[in-house]
Amino acid sequence: MDKLVITGGARLSGEVAISGAKNAALPILCASLLSTEPLTLTNVPGLNDIGTMLKLLAQMGVKIEREGNRVTLDASGLNNPLAPYELVKTMRASILVLGPLLARCSEAKVSLPGGCAIGARPVDQHIKGLLAMGAEVGVEHGYVVAKTTAGNGKLKGAHLFTDMVTVTGTENLMMAACLADGETIIENAAREPEVVDLAQCLVSMGAQISGAGTDVIRIRGVERLHGATHRIMPDRIETGTFLCAAAATGGEIRLTGTSTGYLDAVVDKLMDAGCEIVGEKTPGRESIHIIAPARLKAVSIRTAPYPAFPTDMQAQFMAINAVADGTAIIRETIFENRFMHAVELQRLGADIQIDGNTAVMKGVEKLQGATVMATDLRASASLVIAGLVAEGETHIERIYHLDRGYDHIEAKLTALGAAIRREKA
Ligand code: UD1
């Protein structure tokens with residue numbers, strides 16, 4: 001299994017291109033299932049999760065052409081509405097095929113998902129919504145088994161209310177509703193920019209959707225969706241991660257192909273920490289410029305659904321607070337078990353006290369390199385940031401998590417001046 005070896009101390013500088021968003025690309029790839037005409041996507045990131053999703057779609061009968069960051073999916077031959085455990089177990093987002101399969105094939109069998117070990121992460125809200133839309137849904141031998149019950153094989157439009165804000169739940173139900181009979185209203189919908197990107201893609205395929213980006217989304221079902229071309233939005237979490245890496249190292253970098261508009265809450269906190277951050281826009285080019293002070297001030301955060309501070313940036317802020325000046329309190333309100341990186345950061349010398357969903361951190365002058373283990377995707381990113389500022393060598397094991405969600409991270413960091421290499425463990 002590969003590991004990363006980082007020699008800390010380099011101040012990041014230069015320019016880095018941000019890739020397309022993993023969490024937008026995954027649902028949008030699934031949207032291809034809704035049409036018999038090809039969907040072409042550009043700015044698709046080169047990630048293991050994308051590879052897993054493409055494999056999953058291919059075994060259902062979707063024809064896929066991939067050339068660099070451009071992917072064309074042709075689901076005209078869709079013949080196997082099954083998502084087997086072997087493919088689903090590494091990636092929770094596989095559940096996103098459930099809604100589109102049911103809408104297009106009137107039946108679906110999808111393994112219960114695996115993915116990051118950051119809490120129980122049930123899919124009851126996805127199922128509740130599909131039940132309200134007239135589907136019969138059960139869980140058999142670890143699989144969600146669903147079929148429509150109406151004579152015409154369609155789902156029925158319904159008034160849905162999710163018990164909590166769920167991103168993939170909103171996306172699954174929005175896709176399912178596109179081909180349903182009548183209007184579906186999703187209340188308490190997730191407002192994440194990735195939900196909006198998916199809605200924009202669906203609209204360009206002929207769907208009738210309004211309200212994406214607010215907490216009430218209305219979808220009027222149509223007979224069929226057609227082919228389209230769509231550019232995946234920039235990855236706001238990759239953007240935030242590079243901003244944190246620059247911030248922690250006292251660096252100055254420019255991030256291209258992305259904008260501050262997607263991550264106000266994160267930018268705000270980095271500015272509180274003492275960074276200067278400017279979004280720049282010239283025709284055809286958007287970028288962000290960050291200049292970090294020699295030492296950051298500690299900043300407290302509380303995660304919550306968009307537009308509040310994203311849980312996917314919590315671990316990276318734990319890393320920057322580890323070496324900041326002062327005390328910070330971090331509250332995780334989305335997932336119940338998302339502090340696994342704290343123990344690893346402590347191995348590097350961080351001062352962190354955990355009590356339930358709250359971490360109290362006292363910044364230390366220096367971290368010290370050690371061997372640590374990546375436990376989930378964003379935890380891995382926090383260990384990379386900590387390694388960049390730790391004295392000596394940090395060895396990060398189990399980096400397959402990182403490859404699920406960060407496009408060429410060590411090449412990008414190397415280009416910014418970091419001393420980072422991949423080794424076969
Ligand atoms: C998505 C993101 C993930 C991010 C998370 C929260 C993708 C592919 N992944 O994950 O990176 O960390 O949003 O911003 O977009 N819940 C239930 N029942 C459900 C659904 C969710 O109890 O049916 C709970 C979850 O356990 C969690 C909370 O709701 O506590 C939010 O989860 P959700 O928004 O669904 O996360 P994901 O969509 O899986």
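Remember, predicted model here, so these are calculated numbers, not experimental data. In listed order, ligands and their atoms are each counted from 1.
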If you count the atoms of ligand 1 from 1 in the order shown, which ones are under 4.0 Å from a heavy atom of R92?
39 (O)
Closer than 4.0 Å to some heavy atom of H126 - which atoms of ligand 1 meet that?
23 (O)
Side chain or backbone, does I334 bring an N or O within less than 3.5 Å of an N or O on ligand 1?
yes
So if I count the atoms of ligand 1 from 1 in the order they appear, which ones are less than 4.0 Å from some heavy atom of V123?
19 (C), 23 (O)
At under 4.0 Å between heavy atoms, which part of R338 makes contact with ligand 1: side chain, backbone, both or neither?
side chain
Less than 4.0 angstrom from a charged side-chain N to a carboxylate O is my criterion; do R236 and E194 meet it?
yes
Got a sec, which residues hit side chain to side chain donor-acceptor pair (under 3.5 Å) with D403, two or more places apart in sequence or on another chain?
R422
Given L96, I127, V167, which one has a non-hydrogen atom that is nearest to atom 33 (P) of ligand 1?
V167
Test salt bridge (charged side-chain N to carboxylate O under 4.0 Å, His left out) on K128 and D163; report intermediate values, then the result.
CA-CA 10 Å; K128 181 177 124 176; D163 295 354; 2.6 Å; yes
Take every heavy atom of M313, measure it against each atom of ligand 1, and state whether any distance is under 4.0 Å.
no
Do E332 and R378 meet the salt-bridge criterion of a basic N to acidic O distance under 4.0 Å?
no
Measuring from the heavy atoms of P122, does anything fall under 4.0 Å of ligand 1?
yes
Less than 6.0 Å separating the ring centroids of F309 and F317?
yes
May I ask you to check whether R338 and T311 show a side-chain donor-acceptor distance below 3.5 Å?
yes
Do we see a donor-acceptor contact under 3.5 Å between the side chains of K412 and S19?
yes
Taking only heavy atoms of Q125, which atoms of ligand 1 are found under 4.0 Å from at least one of them?
18 (N), 19 (C), 23 (O)
Checking the N or O distance criterion of under 3.5 Å, is ligand 1 in contact with N23?
yes
Within the 3.5 Å criterion, strictly below it, is a donor on H341 or D376 matched to an acceptor on the partner's side chain?
no
Proximal candidate to atom 12 (O) of ligand 1 [heavy atom criterion; set L198, I95, D312, D163]
D312
Give the numbers and elements of all ligand 1 atoms closer than 4.0 Å to a heavy atom of M164.
16 (N), 17 (C), 18 (N), 22 (O), 29 (O)
Could a heavy atom of E194 be found less than 4.0 Å from some atom of ligand 1?
no
Please round to the nearest 0.5 Å and tell me the distance separating atom CG of L57 and atom CE of M53.
6.0 Å
SB check K63 E65 (cutoff 4.0 Å)
no
Here the atoms of ligand 1 under 4.0 Å from any heavy atom belonging to V165 are 31 (C), 34 (O)
Are any of the N or O atoms of E192 closer than 3.5 Å to those of ligand 1?
no
Among N172, V195, T311, which residue places a heavy atom closest to atom 14 (O) of ligand 1?
T311
